[in-house]
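Data first, discussion second: the structure below is written as structure tokens.
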Amino acid sequence: MTAGRMGGVIASAQEYQRWMTHLRSLPMVALVTTGRTGSDFLQSLLDSHPQIATFNGHFAVYSEFFTRALTFSVADGRAADAADEFIGQYLYKLVSRYDIQEAKDRLGEHSDESFRLDTAEFKTHVVGLMGERPLTSRDFLLAVYGSYKLCLGQQIVDAKVIFHHPHLDYEFRLFLKDFPKTRVVFSSRDPRANFCSHVEHFRRYYSSHDNQQHVYNCLKMALEDSALAEELGLDYIATRLEDIPREDVMRAFAGWLGVDFQESMLRSTWAGLDWHGDRISNKTFAATGWSKTRTENGWQQRLGRIDKYVLNYIMNDRLRWYRYPVRPVGPFDAVLAAIAILLPFRCERRFFSPRHVWTTFRSGSHQMRLQLLLTPIFYGRRVQLCYRHYLRTLRGVRFTGNWVQVTGQTERP
């Protein structure tokens with residue numbers, strides 16, 4: 001069953017100009033993930049908020065579209081052509097039945113619905129909002145947000161903030177060139193649960209992720225947390241997946257965003273239709289409600305003893321800062337952790353097994369063979385990464401970060 005969501009707005013050039021002026025005046029907030037930390041879930045809680053202009057999930061519009069689009073490769077690109085090219089690139093964002101990975105083909109209370117925006121109307125709004133302006137990535141992205149809001153039947157003038165989801169750090173850095181004053185939200189989670197989920201779920205869903213490079217990337221994202229904002233000197237906050245959608249936390253988050261708290265912030269939706277989680281996680285969730293066990297994934301059993309020991313040491317202060325279960329460490333642990341870092345994690349052992357090496361070279365794809373050859377390089381990087389954080393712990397460097405606490409207060413050290 002497809003739900004058609006069409007705003008049916010007919011506007012004059014003057015109205016489009018007024019709306020675009022409003023969009024250009026709005027503060028921008030960007031959402032960056034630190035792994036499998038529920039960034040899409042967090043965004044889905046803002047989907048139906050009338051004071052927030054957002055889009056359908058994360059999308060790498062700068063690295064995927066603006067740097068490759070034909071309409072942005074010439075000096076006199078036309079907004080109408082750019083809209084056509086954008087719709088072709090991101091049709092799955094406007095007609096959700098094609099968004100299979102994120103399971104937006106099974107929205108709604110009974111997971112049997114999807115939504116379809118009128119792409120002709122979307123193009124009309126993009127062209128109207130761009131008006132006579134030169135085609136730039138900044139204005140075009142604002143026009144996309146305005147058009148999406150109009151197609152959902154929402155009012156642009158009600159928006160108090162634009163919420164963009166670049167998702168990954170390299171995409172965020174490109175986005176930051178157009179919006180240097182953006183504030184940032186980092187979706188966070190117990191890094192051990194994050195690492196476990198990221199490694200296992202992605203390599204099960206994508207065979208191309210079953211390699212040492214993927215393990216290294218997953219650990220790097222989990223360890224870096226909000227360091228990107230600290231590096232760039234940006235105003236930021238972090239949300240723990242374990243805390244959403246608690247009402248006190250969502251109220252505090254609404255205050256940080258500069259919008260009113262709405263009951264819709266307690267319900268996970270896309271275009272107003274209930275969302276029950278993506279296909280990568282291989283499980284479904286209720287669209288509403290919070291519980292202490294919602295995000296549990298059994299990392300205590302799925303990670304190896306060496307994994308847990310190393311992660312407990314190199315992230316000890318951070319685990320305590322975020323109020324996660326943690327075991328205190330001492331001088332003896334420093335010695336053991338230094339040795340343990342050199343040993344393979346449970347998820348890494350298979351890459352060194354003769355059976356895996358033989359099977360990959362005999363029947364694996366060219367890409368799989370190449371990744372196997374790169375295993376020692378990325379294993380070395382993983383070890384180096386762990387030692388870098390190990391030395392921070394050894395030196396007593398304290399972790400500090402801004403996050404929305406369960407008390408509903410924002411911690412600012």
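More than 12 heavy atoms of other residues, nucleotides or ligands lie within 6.0 Å of CZ in R362, so this atom counts as buried by the packing criterion. Annotation: E109, atom CD; neighbour count of heavy atoms from other residues, nucleotides and ligands within 6.0 Å does not exceed 12. Other residues, nucleotides and ligands contribute only 12 or fewer heavy atoms inside 6.0 Å of the CD atom of Q384. The local environment of CD in Q17 is sparse, with at most 12 non-hydrogen atoms from other residues, nucleotides or ligands closer than 6.0 Å. Counted within 6.0 Å of OH on Y170, heavy atoms from surrounding residues, nucleotides or ligands total 12 or fewer; the atom is thus considered open.
Atoms OH and NE2, from Y145 and H164 in turn, are 4.5 Å apart once rounded to the nearest 0.5 Å. Rounded to the nearest 0.5 Å, atoms CG (L311) and CG (N316) are 11.5 Å apart. Rounding to the nearest 0.5 Å gives a distance of 10.0 Å between OG1 of T136 and CZ of F140. Put simply, CZ on R350 and OG1 on T360 are 7.5 Å apart, with the number rounded to the nearest 0.5 Å. To the nearest 0.5 Å, the span separating CD on E242 from CD on E296 amounts to 9.5 Å. Between I162 atom CD1 and L141 atom CG the span is 7.5 Å, to the nearest 0.5 Å.
Smallest separation of non-hydrogen atoms from R97 and D105: O-CB, 3.5 Å. Closest approach of T37 and R189 over heavy atoms only: CG2-CB, 3.7 Å. Closest approach of A334 to L394, counting heavy atoms only: CB-CD1, 3.8 Å. Across all their heavy atoms, K93 and G57 have their closest contact at NZ-C, 3.8 Å.
For F352, the ring-ring contact (aromatic ring centres under 6.0 Å, His included) test picks out Y379, with sequence neighbours left out.
Residues S137 and D178 have side chains that bring a donor and an acceptor to within less than 3.5 angstrom of each other. For the residue pair E230 and Y236, a side-chain donor N or O sits within less than 3.5 Å of a side-chain acceptor on the partner. In this model, a donor atom of one side chain and an acceptor atom of the other lie less than 3.5 Å apart for D47 and T269. For the residue pair D278 and S281, a side-chain donor N or O sits within less than 3.5 Å of a side-chain acceptor on the partner. One side chain, E171 or S63, offers a donor N or O that lies under 3.5 Å from an acceptor on the other. D225 and S188 are linked by a side-chain donor-acceptor pair at a separation below 3.5 angstrom, with hydrogens and angles left out of the test. The closest side-chain donor-acceptor pair between Y90 and E64 falls under 3.5 angstrom. Between the side chains of Y16 and H125, at least one donor N or O lies within less than 3.5 Å of an accepting N or O.
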Point to revise | H58/L31 under side chain to side chain contact (heavy atoms under 4.5 Å, CB included): CA gap, chis, key distance, verdict | key: CA-CA 9 Å; H58 68 272; L31 173 59; over 6 Å; no

Point to revise | side chain to side chain contact (heavy atoms under 4.5 Å, CB included) evaluation trace for V404 with W256 | key: CA-CA 9 Å; V404 183; W256 186 84; 5.8 Å; no

Practice item. Start with the C-alpha distance between M221 and N194, add both sets of side-chain angles, then the distance that settles side chain to side chain contact (heavy atoms under 4.5 Å, CB included), and finish with yes or no. Key: CA-CA 9 Å; M221 290 181 70; N194 175 11; 5.8 Å; no

Exercise for review: Show your reasoning for whether side chain to side chain contact (heavy atoms under 4.5 Å, CB included) applies to L176 and T182.
Suggested key: CA-CA 7 Å; L176 198 62; T182 190; 3.3 Å; yes

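At least one donor-acceptor pair under 3.5 Å links the side chain of R369 to the backbone N or O of G364. Between the side chain of Q43 and the backbone N or O of F55, at least one donor-acceptor pair lies under 3.5 Å. A distance-only check finds no donor-acceptor pair linking the side chain of S39 to the backbone of S187 [under 3.5 Å]. In this structure a side-chain-to-backbone donor-acceptor pair under 3.5 Å is missing from R203 to N211. Side-chain N or O atoms of E348 include one that pairs as donor or acceptor with a backbone N or O of F345 at under 3.5 Å. When atom types are taken as modelled, the side chain of R246 and the backbone of R251 share no donor-acceptor pair closer than 3.5 angstrom. Panel note: side chain T359, backbone R355; a donor-acceptor pair is recorded below 3.5 Å.
In this structure, the side chains of F86 and T71 stay at 4.5 Å or more apart for every pair of heavy atoms.
Cation-pi geometry between R323 and W403 is not satisfied (NZ or CZ under 6.0 Å from the ring centre, within 45° of the ring normal). Annotation: cation-pi geometry satisfied between R381 and F378 (NZ/CZ under 6.0 angstrom from ring centroid, within 45° of ring axis).
Only one option out of V29, V32, T33 pairs with V185 in a side-chain contact (heavy atoms from CB on, under 4.5 Å); it is V29.
In this pair, Y322 and F399 present their aromatic rings tilted. The plane angle is within the 30 to 60° band.
A salt bridge does not link R392 with D317: none of the charged nitrogens is closer than 4.0 Å to a carboxylate oxygen.
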